[in-house]
Colleague: 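Below: one structure in structure tokens.
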Amino acid sequence: MKKRLLTISATIFACGLNVLGQDAVRSVDASQQWYLNAGESTYVVGINERHMLQSLYWGPALPADARLPQAHSSGEWASFDTPANTTALEYPAWGEGLFAEPALKVDSPNGDRTLVLVYESAKVSKSELEIVLHDTVQPIKVHLFYEVFPQGILSRWSRIENAGSQTFVVEQAASAVWNLPAAEDYSLSWLTGQWAGEWQLHSELIQAGSHVMESRRGSTGHQANPWFAIGREHATTEDNGPVWFGELGWSGSWRMNVEGTSQNKVRVTAGYNPFDFAYVLEPGKSLETPKFYAGYTSHGQGEASRILHRFQLAEILPTHPNPKPRPVIYNSWEATEFAVNEAGQISLAEKAAKLGVERFVVDDGWFGQRLTDKAGLGDWYVNKTKFPNGLKPLIDRVHALGMDFGLWVEPEMVNPDSDLYRAHPDWAMHFPDRNRTEARNQLVLNLAREDVKEYVFNFLDRLVTENDIAFLKWDYNRNWSEPGWSEASGSANGSAEVAKQKEIYVRYVENLYDILAKLRAKHPKLEIESCSGGSGRVDLGILRYTDEVWTSDNTDALDRLAIQYGFTHAYAPETMAAWVTDVPNFLNRRSIPLQFRFLSAMQGALGIGGNLNKWTTDDMALATKLTAFYKDIRTTVQHGNLYRLQSPLKSESSHVEYVAQDGSQAVLFSYLRSQHFGMALPKVQLKGLEPKASYQVRALDAGKYKGEAVVSGAVLMGEGINLGLAGDYDSTAVVLERLETRR
Ligand code: GLA
């Protein structure tokens with residue numbers, strides 16, 4: 001395993017240069033242009049004759065000697081669209097008759113609410129570019145940042161600076177605007193969801209008007225994810241054609257606007273959600289926007305996903321650039337819910353250890369007066385009735401069984417029925433005199449407050465210091481309803497007071513990130529999962545501090561195939577926690593055989609969440625075999641290249657394949673939901689193999705693989721594999737080991 005990890009980081013970092021061997025950032029002073037080369041793509045911006053920054057190119061890599069024509073402002077379209085509207089401005093502020101989505105809108109003290117941003121300076125370093133713009137009248141500067149990553153990702157964000165001596169209010173601030181090349185047949189893919197139904201993939205033709213994806217919830221949300229992919233309707237498939245794609249790294253309210261303008265131009269704007277937003281810029285102060293990562297590939301949706309996966313492993317996840325394979329976990333939630341206690345958890349731990357589980361996680365219910373979801377959140381002391389001797393005896397037993405220990409927490413929440421709330425009712429977000437809307441009987445603590453931030457950090461620090469905890473499942477089970485923050489206003493009053501309070505949208509999330517960063521710095525071995533009733537908080541902001549996410553509370557193995565299919569469009573399988581749970585499933589009463597449940601959960605970071613006390617000897621034997629099988633292929637699954645061979649949305653069968661970064665191993669998972677008319681499963685053509693290499697085939701179920709023991713890559717990809725799946729909910733897996741000697 002160690003050897004393969006080294007190979008991955010070497011592969012990922014082999015290239016400080018892009019595919020054409022160019023520098024990451026190149027400036028062409030004569031034409032005031034900057035060329036950013038990320039992987040197989042190039043992005044170019046330039047200054048036009050009106051001193052405004054325009055985007056000039058976003059597409060396949062350009063050679064080093066390529067020169068684009070000088071940036072040129074577009075003209076008026078009749079008298080109704082000014083150049084601000086018709087020109088592909090790089091960071092368009094509201095002003096000069098801009099009617100498309102602005103990147104920036106600022107209220108000035110003299111009542112001026114427009115800006116006209118012109119070029120001031122640029123600074124190029126190895127892989128970064130900073131361009132400074134300033135307003136032609138007000139002392140507002142905008143710093144635009146670009147960072148180029150060799151995996152093929154360009155990160156963009158901005159900093160809005162008040163360089164004057166009076167106070168300004170930012171009303172709207174995007175991280176970046178991405179202008180696409182002119183074309184008529186763009187198709188947008190995006191992800192939506194709900195609790196227990198996350199990661200639903202959609203696509204539609206982009207037409208004139210805005211397609212808005214957003215969260216006004218205070219956190220990322222299940223309902224939409226800040227990811228987009230745009231292809232060409234008639235040219236882009238899973239394996240071929242151009243894709244422009246990106247995702248925003250922000251765990252608070254966000255908005256992404258994909259817009260077909262009146263000029264038939266497509267642009268994508270994302271950043272802070274302007275809904276209920278304000279940020280007060282006192283003299284000398286700045287507001288920085290979240291990072292908006294994007295890329296381009298000519299090789300279809302599949303490659304766009306793989307670029308994102310590699311990038312996340314190499315640059316985003318806390319353990320980058322050498323991500324650690326996720327351990328196999330056991331989690332007690334579905335087995336015991338709130339009824340956790342020392343004896344019960346030890347009994348589950350003993351059984352989990354026999355299966356080969358590496359991490360035992362106690363879920364909700366261990367603290368305060370937490371007998372149901374009506375009480376206890378906020379009181380982070382061990383419940384003495386359930387664990388009379390604290391957590392130590394359980395943790396010691398878990399260690400003795402060869403596993404490490406994880407614990408569920410929900411640090412940002414409080415139940416009104418808790419000691420914390422009784423002592424500090426003002427710590428919950430609220431508006432004066434207004435009812436505090438409860439959801440799951442809980443309120444959200446105002447983490448923007450420094451005293452709340454300190455309380456949360458201190459209890460977590462104490463918990464992890466006093467107990468040998470390797471992992472926290474960090475949950476977040478509701479969204480905001482009354483985001484008031486009366487203490488924020490200080491001496492301000494009236495509308496300034498309200499504007500100051502609205503900073504809660506930024507400061508809460510920044511404090512959350514600070515707590516996570518500080519906790520990890522102080523406890524370097526600690527790993528964290530981001531959970532929010534499933535995937536309610538998954539984005540590249542939180543993933544800088546958390547190693548994995550809880551993909552969905554929906555653990556039905558069939559629904560999960562669709563959920564996971566959507567998930568992998570935007571995020572790496574390494575981060576995708578998936579458990580095998582009991583049947584009939586609690587959500588939809590569906591009963592699916594154990595092997596199918598395992599193979600479904602093996603698409604990401606495998607976990608087990610069933611009530612092991614009820615598993616039969618046969619279940620235990622099969623689970624032990626499948627857990628061992630997973631460990632053998634997990635580095636390939638978690639760190640490899642994913643090929644979504646057949647979507648579970650389109651047919652009764654589906655297939656996914658993972659190829660190790662060094663090509664030495666590949667694994668195929670195949671699922672048949674239901675066979676009809678006795679029809680045989682069509683052969684499965686693999687991808688991403690070396691045509692001339694030979695592969696040793698190792699089938700999980702010898703009886704289901706109908707082929708030779710050693711097969712060439714060309715045959716596996718051209719002719720395909722014959723699998724004898726039949727009936728309902730059949731499934732199997734095949735491992736391919738590349739034979740070095742026969743290459
Ligand atoms: C959320 C999580 C579940 C579980 C419960 C505990 O719903 O998504 O996995 O931890 O909370 O209350």
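Atoms within each ligand, like the ligands themselves, are counted from 1 in listed order. These values consider heavy atoms only, across backbone and side chains, with no hydrogens, waters or symmetry-generated copies.
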Colleague: At a 4.0 Å threshold, what atoms of ligand 1 neighbour a non-hydrogen atom of Trp550?
Modeller: 8 (O), 9 (O)
Colleague: Would you mind checking which non-hydrogen protein atom is closest to atom 10 (O) of ligand 1, with the distance to 0.1 Å?
Modeller: Asp363 OD1, 2.6 Å
Colleague: What part of Glu337, side chain from CB on, backbone N/CA/C/O, both or neither, has a heavy atom under 4.0 Å from ligand 1?
Modeller: neither
Colleague: CG of Asn415 to OG1 of Thr372: how many Å apart, nearest 0.5 Å?
Modeller: 8.0 Å
Colleague: Which bit of Asp373 gets closer than 4.0 Å to ligand 1, counting heavy atoms only: side chain, backbone, both or neither?
Modeller: neither
Colleague: Could you check whether Asp417 pairs with Lys374 (Lys NZ or Arg NE/NH1/NH2 to Asp/Glu carboxylate O, under 4.0 Å)?
Modeller: no
Colleague: Within a distance under 4.0 Å of any heavy atom of Cys531, pick out the atoms of ligand 1 and give their elements.
Modeller: 2 (C), 8 (O)
Colleague: Which residue holds the protein heavy atom closest to atom 7 (O) of ligand 1, what is that atom called, and what is the gap in Å?
Modeller: Asp553 OD2, 2.9 Å
Colleague: Regarding atom 2 (C) of ligand 1: of the candidates Leu377, Asp364, Asp475, which has the closest heavy atom?
Modeller: Asp475
Colleague: Do the side-chain N and O atoms of Gln442 and Glu410 include a donor-acceptor pair separated by under 3.5 angstrom?
Modeller: yes
Colleague: Regarding Glu315 and Lys291, does a basic nitrogen lie under 4.0 Å from an acidic carboxylate oxygen?
Modeller: no
Colleague: Flag the pair Asp582 and Lys614 as a salt bridge only when some basic side-chain nitrogen lies within less than 4.0 angstrom of an acidic carboxylate oxygen.
Modeller: no
Colleague: Indicate whether the side chain of Arg644 and that of Ser305 have a donor and an acceptor atom separated by less than 3.5 Å.
Modeller: yes
Colleague: Which protein heavy atom lies closest to atom 9 (O) of ligand 1, and at what distance to 0.1 Å?
Modeller: Lys473 NZ, 2.7 Å
Colleague: Hey, which atoms in ligand 1 end up nearer than 4.0 Å to a heavy atom of Gly534?
Modeller: 8 (O)
Colleague: Going by distance only, is there an N or O of Trp333 that falls short of 3.5 Å from an N or O of ligand 1?
Modeller: no
Colleague: Does the pair Glu438/Arg478 count as a salt bridge with the N-to-O cut at 4.0 Å?
Modeller: no
Colleague: Return yes if a side-chain donor-acceptor contact under 3.5 Å exists between Thr581 and Thr555, otherwise no.
Modeller: yes
Colleague: At the 4.0 Å heavy-atom cut-off, does Glu529 count as touching ligand 1?
Modeller: no
